[in-house]
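Before any comments, here is the structure.
Here is how names work: the chains are called A, B, and so on, in the same order as the sequence lines, proteins then strands, and each is numbered from 1.
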Amino acid sequence: MTSRTVRVRYAPSPTGDFHVGGARTALFNYLFARHHGGRFILRIEDTDRKRYNSQALDWLLEGLRFLGLDWDEGPEVGGAYGPYVQSQRIELYRRHASLLIERGMAYRCFCPPERTEATSPDSEEPGAEPGDSCRCGALSAEESERRASGGAPYAVRFRAPRQGNVTVHDAIRGDITFPNEVLRDAVLLKSDGFPTYHLANVVDDHFMEISHILRGDEWLASLPLHVHLYGAFGWEPPVMAHLPLILNPSGKGKLSKREERAPDGSVRPVFVRQFRELGYLPEALVNFMALLGWSYDDKTEIMSRAELIERFTLERVNPAPAVWNYEKLDHFNGHYIRQLSIEDLAGRLMPFFEAAGYRPSREQLLAVVPLIRERITRLADAPAVANFFFDEELAPYPVEDLIPQKADAAMALAALERARAVLAEVDFRKEAIETALRAEAARLGLKTGQMFQPIRVAVCGRKAAPPLFETLEVVGRDKCLRRIDRAVEKLRSGG
RNA sequence: GGCGCUAUCGUCUAAGGGUUAGGACGGAGCCCUCUCAAGGCUCAAAUACGGGUUCGAAUCCCGUUAGCGCUACCA
């Protein structure tokens, strides 16, 4: 056990919407920091000016707040190691790039960006040497200096070793050995003066005194470069832990950053904002994501935030990639919805009813919520499930639905007419309604199902609905009678 | 192509040499029941393949295969 203060960071790049893959990385960092009583730092890596998206930061901060992943240092909260936005730290990176040039560990590359870009990426030249595609590394210090001061644009490249191996330790995967011969002279400082990820990341993690790096597995391949950079600066690298990737439901490839489609072709959410808009609870998302690559034991899955914090350790992170399972998330969401108090759930549901065009009073919602809470898996499902409580007119439904199995229109008509008579008189509370309606069924010689289905369909406009008596009570006598009258008409007119 | 990572039910995972290989989602069935849910119970379902090491391997080692990641002046 090290006594070093735990300081971890989540360091996203503001290039697009806040993806759940990133959210999972943020969550693991958060849980790790909280578990150890350490600091969770948010750092914005906005060094790619081409891909910069001005909305991304808002999406990110909103998403983190929605999930309850509050950061101790970073944008909007400050901290002693700031600034926490890389575009405000450019001088620091330039200084360190220069430092490496002075030490002969990096050099200026005057090649036009297009050339190296064109020769390096995939396919074509599998045999091309894995190293420099230019000779700038061979330039004398004087020549390099002369061209630079002459105004020639250049990038700064790291002089990577080509001999031997590097063995690095990953807290999740153990020791990993890479042959140095596959290294290239990676660009540290781009010709626009901005650092690349590699430089900025290493410099910031050092100066922000980051103790553990928990990041996605896609970074594992650049680990040897980073380790050499730490060495070049003479710094001790933080503990490294590469988290398993999250795969899309087909298991082929990372969870898409664009869109996912369900087997039926419908679009599935991949951004935190989309999950929120669909009515996924942060509790459910957090619990579900925690289980993507981490587990507590052989049976416990439902865990509160406090329990996750208490139990989270790197030792129990699984190195294998995990597939995002929408069905399981739905199950968790339903569970957490049902666990909420009526008041809490009503409060969370209100915006979703408003978004659907309803303006229920809080009292109305409090009456309806107990009847729908077991019937929704996402908050956004609620308006469609509860519409008949609020709609003045029922949406059209097939007359046949009024007629129960093994029965005919005459029986449905009789049931509805008797029900109407009873409901017009009865004390309009669920117990009294139930007693009266059951008695009426017996009198008519009908099974309860045969008696209740026509009423349910007449009042709710559908066969699947919440329990009948409570529903009638909440809908209210006037509306019930009106709707039953309407159903009777439909039956008489055959439509 | 090169380098790396990974490999237990369809999916998330437990079991860090000795278990009838456990749990969860999803699926099937039963119960409850006024419908639909929710809930309860039950069932089906896995150690990728081949070699070692060992009295004994899902577990350790090697190889194969497969999947994924990286291979940018993107992160």
Side-chain angles (χ1 to χ4, degrees), chain A residues 11-15 45-48 50-51 109 111-114 116-118 120-128 130 153-157 170 173 176-179 181-184 186-192 194-198 200-201 216-224 242 244-245 247 249 251-254 288 291-302 315-316 318-332 334-335 338 372-377 385 404 434 437-438 441 447-453 455-457 460 462-469:
Chain A
S13 183
T15 54
E45 309 215 328
D46 58 342
T47 56
D48 184 347
K50 292 190 220 60
R51 290 202 307 152
C109 173
C111 300
E114 308 79 49
T116 48
E117 222 168 289
S120 41
D122 45 25
S123 54
E124 272 95 313
E125 329 170 29
Y154 63 86
V156 177
R157 284 182 187 275
D170 181 277
R173 289 154 220 279
I176 306 166
T177 299
F178 298 84
E181 61 181 351
V182 302
L183 256 28
R184 323 171 123 255
V187 168
L188 300 180
L189 205 62
K190 298 178 256 186
S191 52
D192 64 3
F194 278 74
T196 58
Y197 171 87
H198 309 295
N201 201 262
D217 189 45
E218 69 266 30
W219 293 109
L220 192 58
S222 54
L223 186 51
H242 289 85
L245 249 25
L247 272 22
K252 305 237 178 264
K254 293 199 276 187
F288 172 75
L291 263 14
L292 240 34
W294 175 83
S295 62
Y296 174 58
D297 62 12
D298 61 338
K299 47 180 71 72
T300 316
E301 293 208 316
I302 298 291
E315 289 68 48
R316 296 201 61 88
N318 182 344
V323 171
W324 184 274
N325 184 337
Y326 286 93
E327 287 72 30
K328 189 156 182 170
L329 203 215
D330 281 350
H331 172 78
F332 274 47
H335 170 87
R338 275 169 248 128
I372 63 168
R373 69 196 303 206
E374 288 101 14
R375 274 161 270 264
I376 55 175
T377 54
V385 170
E434 174 162 10
L437 251 22
R438 281 186 189 280
K447 288 183 177 156
T448 49
Q450 295 175 312
M451 177 76 188
F452 299 156
Q453 182 181 327
I455 306 173
R456 172 178 300 109
V457 173
C460 304
R462 67 177 75 133
K463 290 194 275 190
L468 187 60
F469 318 112

- Can you name the closest pair of heavy atoms from Asp330(A) and Thr377(A) and give their distance? O-CB, 4.2 Å
- Query: Can you list the steps and then say if Phe178(A) with Leu183(A) is a side chain to side chain contact (heavy atoms under 4.5 Å, CB included)?
  - Reply: CA-CA 9 Å; Phe178(A) 298 84; Leu183(A) 256 28; over 6 Å; no
- Are Phe469(A) and Phe452(A) close enough that their ring centers fall under 6.0 Å? yes
- Task: Write down the distance separating the C1' atoms in C25(B) and U19(B), rounded off to the nearest Å.
- Result: 24 Å
- Query: Looking at Arg338(A), does any N or O in its side chain come under 4.0 Å of the phosphate oxygens OP1/OP2 on G39(B)?
  - Reply: yes
- Query: Side chain of Thr47(A), backbone of Thr196(A): donor and acceptor closer than 3.5 Å?
  - Reply: no
- Which part of the nucleic acid, if any, lies within reach of Ile176(A) when heavy atoms closer than 4.0 Å are counted: base, sugar-phosphate only, or nothing? sugar-phosphate
- NA contact type, Phe178(A), heavy-atom cut-off 4.0 Å: base, sugar-phosphate, or nothing? sugar-phosphate
- Item | Nearest-Å distance for atom pair CG/P, residues Leu291(A) and C12(B) | 12 Å
- Task: Whole angstrom is fine here: how far is it from CZ in Phe452(A) over to P in C36(B)?
- Result: 15 Å
- Message: On RNA chain B, does the nearest nucleotide to Gly449(A) precede the nearest nucleotide to Tyr197(A) from the 5' side, or the other way round? Give the residue.
- Response: Gly449(A)
- Flag, side chain of Arg338(A) to backbone of Glu374(A), donor-acceptor distance under 3.5 Å: no
- Message: Between Glu327(A) and Ser191(A), which residue's closest nucleotide on RNA chain B lies nearer the 5′ terminus?
- Response: Glu327(A)
- Message: Can you tell me the base-pairing partner of U64(B)? Count Watson-Crick or G-U wobble geometry only, both distances below 3.5 Å, and say none if there is no partner.
- Response: A48(B)
- Task: Would you tell me if any nitrogen or oxygen in the side chain of Lys50(A) comes within less than 4.0 Å of OP1 or OP2 on C74(B)?
- Result: yes
- Message: When the P atoms of G4(B) and C41(B) are compared, how many Å lie between them, rounded to an integer?
- Response: 49 Å
- Message: Can you tell me how far apart NE2 (His331(A)) and NE2 (His335(A)) are? Round to the nearest 0.5 Å.
- Response: 7.5 Å
- Does OP1 or OP2 of C73(B) have a side-chain N or O of Arg157(A) closer than 4.0 Å? yes
- Going 5' to 3' through nucleotides 57-65 of chain B, assign each nucleotide B (protein heavy atom under 4.0 Å from a base atom), S (under 4.0 Å only from sugar-phosphate atoms) or - (no protein heavy atom that close). ---------
- Inter-nucleotide C1' distance (C9(B), A46(B)), Å rounded: 4 Å
- Rounded interatomic separation in angstrom, taking CD from Glu315(A) and C1' from U13(B): 18 Å
- Item | Polar side-chain atom of Arg462(A) near backbone of Val385(A) as donor-acceptor pair, under 3.5 Å | yes
- Item | Base-pairing assignment for A15(B) (Watson-Crick or G-U wobble, both under 3.5 Å) | none
- Query: Do the side-chain N or O atoms of Thr448(A) get closer than 4.0 angstrom to the phosphate oxygens (OP1, OP2) of U33(B)?
  - Reply: no
- Message: Rounding to an integer number of angstrom, what distance separates C43(B) and A21(B) when you compare their P atoms?
- Response: 15 Å
- Task: Give a yes/no on whether any side-chain N or O of Asn318(A) is located under 4.0 angstrom from OP1 or OP2 of A14(B).
- Result: yes
- A57(B) to C49(B) separation - P atoms, rounded to the nearest Å: 15 Å
- Can you find a donor-acceptor pair, distance only, under 3.5 Å between Arg51(A) side chain and C74(B) base? yes
- Message: Using only modelled atom types and a 3.5 angstrom limit, is any donor from either the side chain of Glu301(A) or the base of G23(B) paired with an acceptor on the other?
- Response: yes
- Query: On a plain distance test, is the side chain of Ser222(A) in donor-acceptor contact with the base of C70(B) below 3.5 Å?
  - Reply: no
- Message: It should be established whether Lys190(A) places a side-chain nitrogen or oxygen under 4.0 Å from OP1 or OP2 of nucleotide A75(B).
- Response: yes
- Query: Within less than 4.0 Å of OP1 or OP2 of C70(B), is there a side-chain N or O belonging to Lys254(A)?
  - Reply: yes
- Task: Kindly give the heavy-atom pair with the smallest separation between Ser13(A) and Glu45(A), and that separation in Å.
- Result: OG-O, 3.2 Å
